[in-house]
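I have placed the structure first, in the form of C-alpha cells, so that the comments after it can refer back to it.
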Amino acid sequence: MNDQPGIKILLEIMAQLRNPEGGCPWDLEQNFASIVPSTLEEAYEVADAIESQDMSQLKEELGDLLFQVVFYSQLGKEEGLFDFNDIAQSMSDKLIHRHPHVFSDKTLTQESDIKNNWEDLKAEERAAKGHASVLADVPVALPSLSRAQKLQRRAANVGFDWQDSGAVLNKLDEERQEFEEALAEKDPAAIADELGDMMFCMVNLSRHLKLDAESVLRAANRKFERRFTEVEQLVDSSQKNWQEHSLDELERYWQQAKLNSDAK
C-alpha cells in the first residue's frame, strides 16, 4: 500500500475506520454534525501554525484539516450523497467558473475588474440557488468578527458603505455616545446592544483600513498573552502572591512588560 498515492491511502484508511466490521467505535459513532467542532478546531490550528511560522507543524495541521474533508466525504459516500471525487470536481468546476480570465478567452488585467467579476459570478450563483439577498449564505457559524466583516463587504459591493475611514470614525464616536447613554440609564439590554454596535463599527474600521478584524484581534490576544506571562514572572520573582500586590504595583509590572516587549 505504500506505493499508492497518499490521498488514496487516506481514503482507504477512512473507509476502514468506518467499517462496521473491525472499524473504530468512535469513528463509527460520528455524523456530519458531531465532527463540526473538530473541523473548526483544526482550521484554527492551521492558522496558529501559520502565525507562529512553524512550517513543520503546518504540514501536520493541514493533514488534520484534510482528514476532516475525507471524513465528510466518507459520510457522504455512505449515504449516497457524494464522495471525495465529487467534492474535488465541484471545487474544480467552481474555480474554473470564477476565473474566466485564466481558463477562458475573457481578459481581466486590473485587480478591480477581477474582483468585480468575482462578485458578479458569486451573485449569479446565489441567484441560481434562490437566494435573493446579497447577505444570503454568509455562514452563521463564522467567528463573529469574520462574519461581521463579510456582511459589511457584501453590503459594500452594492454601494452601501462609508466613503472612508474618517466617516467610520465619526460613526464610532456616535456609537460611543449612545453606549455612554445606555450606561447612564443602567439598562442591561441597551448596554449590550450599543456595545455590539461599537464592536460592529470597529470591524468596519478595520475593513476600511484593509485589515482583517479577526487577525487584528488574534494579534492583540497574542500580545496580551506575552505581556501577561511576563507580569506573572515578575509576580513570582517578587516572592509575594497576587493578592498581596496593589493595582499600582501590577500596573508597574505591566508597563515594564510593555517596555520589554517593545524593545524586542
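Values below: every heavy atom of this structure, side chains too, minus hydrogens, waters and symmetry copies. Here the structure is a predicted model, which is why all the values come from computation and not from measurement.
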Quiz item: Can you name the nearest heavy-atom pair linking Ala136 to Arg154, along with the distance?
Solution: O-NH1, 3.0 Å
Quiz item: For Asp83, does its backbone N or O pair with a side-chain atom of Asp86 as donor and acceptor, under 3.5 Å?
Solution: yes
Exercise. State whether the number of non-hydrogen atoms from other residues, nucleotides or ligands found under 6.0 Å of Met199 atom CE is greater than 12.
Key: no
Self-check item: Val216 with Leu169, same ILVMFWY side-chain cluster at under 4.5 Å
Solution: yes
Quiz item: If you group Ile, Leu, Val, Met, Phe, Trp and Tyr by side-chain heavy-atom gaps below 4.5 Å, do Leu259 and Trp254 land in one group?
Solution: no
Self-check item: Side-chain touch Leu145/Asp212, heavy atoms, less than 4.5 angstrom
Solution: no
Quiz item: Run the side chain to side chain contact (heavy atoms under 4.5 Å, CB included) check on Leu62 and Leu66 step by step: do they pass?
Solution: CA-CA 6 Å; Leu62 286 171; Leu66 175 60; over 6 Å; no
Quiz item: If we ignore angles and hydrogens, is there a donor and acceptor under 3.5 Å between the side chains of Asp93 and Gln89?
Solution: yes
Practice problem: Could you tell me whether the side chain of Ser92 and the main chain of Ala88 form a donor-acceptor pair under 3.5 Å? | Solution: yes
Quiz prompt | Spacing of CG belonging to Leu205 relative to CD belonging to Gln152, to within rounding of 0.5 Å | solution = 10.0 Å
Exercise. Decide yes or no on side chain to side chain contact (heavy atoms under 4.5 Å, CB included) for Thr229 and Phe224, but give the supporting numbers first.
Key: CA-CA 8 Å; Thr229 298; Phe224 177 81; over 6 Å; no
Exercise. Establish, from distance only, whether the side-chain atoms of Gln74 and Glu78 form a donor-acceptor pair under 3.5 Å.
Key: yes
Quiz item: If we only count heavy atoms from C-beta on, is the Glu79 to Phe32 side-chain gap below 4.5 Å?
Solution: yes
Quiz item: Got a donor-acceptor contact below 3.5 angstrom from the Glu29 side chain to the Trp26 backbone?
Solution: no
Quiz item: Is Glu42 close to Phe67 at the side-chain level, that is, under 4.5 Å between some pair of heavy atoms?
Solution: no
Quiz item: Can you tell me if CD on Glu244 sees more than 12 non-hydrogen neighbours from other groups inside 6.0 Å?
Solution: yes
Quiz item: What distance do Gln68 atom CD and Leu40 atom CG have between them, rounded to the nearest 0.5 Å?
Solution: 9.0 Å
Quiz item: Out of curiosity, does Ile87 fall in the hydrophobic cluster containing Ile35 (side-chain heavy atoms, cut-off under 4.5 Å, transitive links)?
Solution: yes
Quiz item: Heavy-atom count around Arg176 CZ within 6.0 Å, excluding the residue itself: above 12?
Solution: no
Quiz item: Between the main-chain N or O of Leu211 and the side-chain N or O of Ser215, is there a donor-acceptor pair closer than 3.5 Å?
Solution: no
Self-check item: Heavy-atom side-chain contact between Val69 and Phe84 under 4.5 Å
Solution: yes
Self-check item: Hphob cluster co-occupancy, Val70 + Leu75, side-chain heavy atoms under 4.5 angstrom
Solution: yes
Quiz item: If only atom types and distance count, is the side chain of Arg147 paired as donor or acceptor with the main-chain N or O of Val138 below 3.5 Å?
Solution: yes
Self-check item: Test side chain to side chain contact (heavy atoms under 4.5 Å, CB included) applied to Met14 and Leu17, step by step
Solution: CA-CA 5 Å; Met14 184 71 255; Leu17 289 172; 4.0 Å; yes
Practice problem: Dump the intermediate steps for side chain to side chain contact (heavy atoms under 4.5 Å, CB included) on Asp161 and His208, then the final yes or no. | Solution: CA-CA 10 Å; Asp161 196 11; His208 272 271; 3.0 Å; yes
Quiz item: What's the shortest heavy-atom distance between Val46 and Leu65, and which atoms?
Solution: CG2-CD2, 4.0 Å
Quiz prompt | Flag side-chain contact, heavy atom, 4.5 Å: Tyr72 against Val36 | solution = yes
Exercise. Please answer whether the main-chain N or O of Ala213 pairs with a side-chain N or O of Gln149 as donor and acceptor at a distance below 3.5 Å.
Key: yes
Quiz item: Is any side-chain heavy atom of Arg218 closer than 4.5 Å to a side-chain heavy atom of Tyr44?
Solution: yes
Practice problem: Rounded to the nearest 0.5 Å, what's the gap from CG on Leu195 to CD on Glu175? Could you check? | Solution: 10.5 Å
Self-check item: Pairwise distance CG(Asp197) to CZ(Phe179) - rounded to 0.5 angstrom
Solution: 11.0 Å
Quiz item: Within the distance-only criterion (no hydrogens, no angle test), does the side chain of Ser52 pair as donor or acceptor with the backbone N or O of Ala49 below 3.5 angstrom?
Solution: yes
Exercise. Spell out, yes or no, whether Val158 and Leu135 are grouped together once hydrophobic residues are joined by side-chain heavy atoms under 4.5 Å, including indirect joins.
Key: yes
Exercise. Might you point out which heavy atoms bring His99 and Leu95 nearest each other, and give the distance in Å?
Key: ND1-O, 2.7 Å
Quiz prompt | Positive for side chain to side chain donor-acceptor pair (under 3.5 Å) with Tyr253, one of His245, Arg227, Glu230 | solution = His245
Quiz item: Minimum heavy-atom separation for Ser73 to Leu11, with atom names?
Solution: OG-CD2, 4.2 Å
Quiz item: About how many Å separate CD1 of Ile191 and CD of Glu180, when rounded to the nearest 0.5 Å?
Solution: 12.0 Å
Quiz prompt | Modelled atom types, side-chain donor and acceptor of Asn204 and Arg207, under 3.5 Å | solution = yes
Exercise. State, yes or no, whether a side-chain contact exists between Asn157 and Val134 at a heavy-atom distance under 4.5 Å.
Key: no
Quiz item: Phe71 and Gln30: which non-hydrogen atoms are nearest, and at how many Å?
Solution: CZ-CB, 3.7 Å
Quiz item: Just wondering, more than 12 heavy atoms not from Lys223 lying within 6.0 Å of its NZ?
Solution: no
Quiz item: How far does CD of Gln57 sit from CD1 of Ile50, to the nearest 0.5 angstrom?
Solution: 11.5 Å
Exercise. Check whether any side-chain heavy atom of Gln256 sits under 4.5 Å from a side-chain heavy atom of Leu234, and report yes or no.
Key: yes
Practice problem: List the atom of Leu28, the atom of Asn19, and the distance in Å for their closest heavy-atom pair. | Solution: CD1-O, 3.8 Å
Exercise. Mark yes or no for whether Ser146, through its side chain, and Leu142, through its backbone, hold a donor-acceptor pair below 3.5 Å.
Key: no
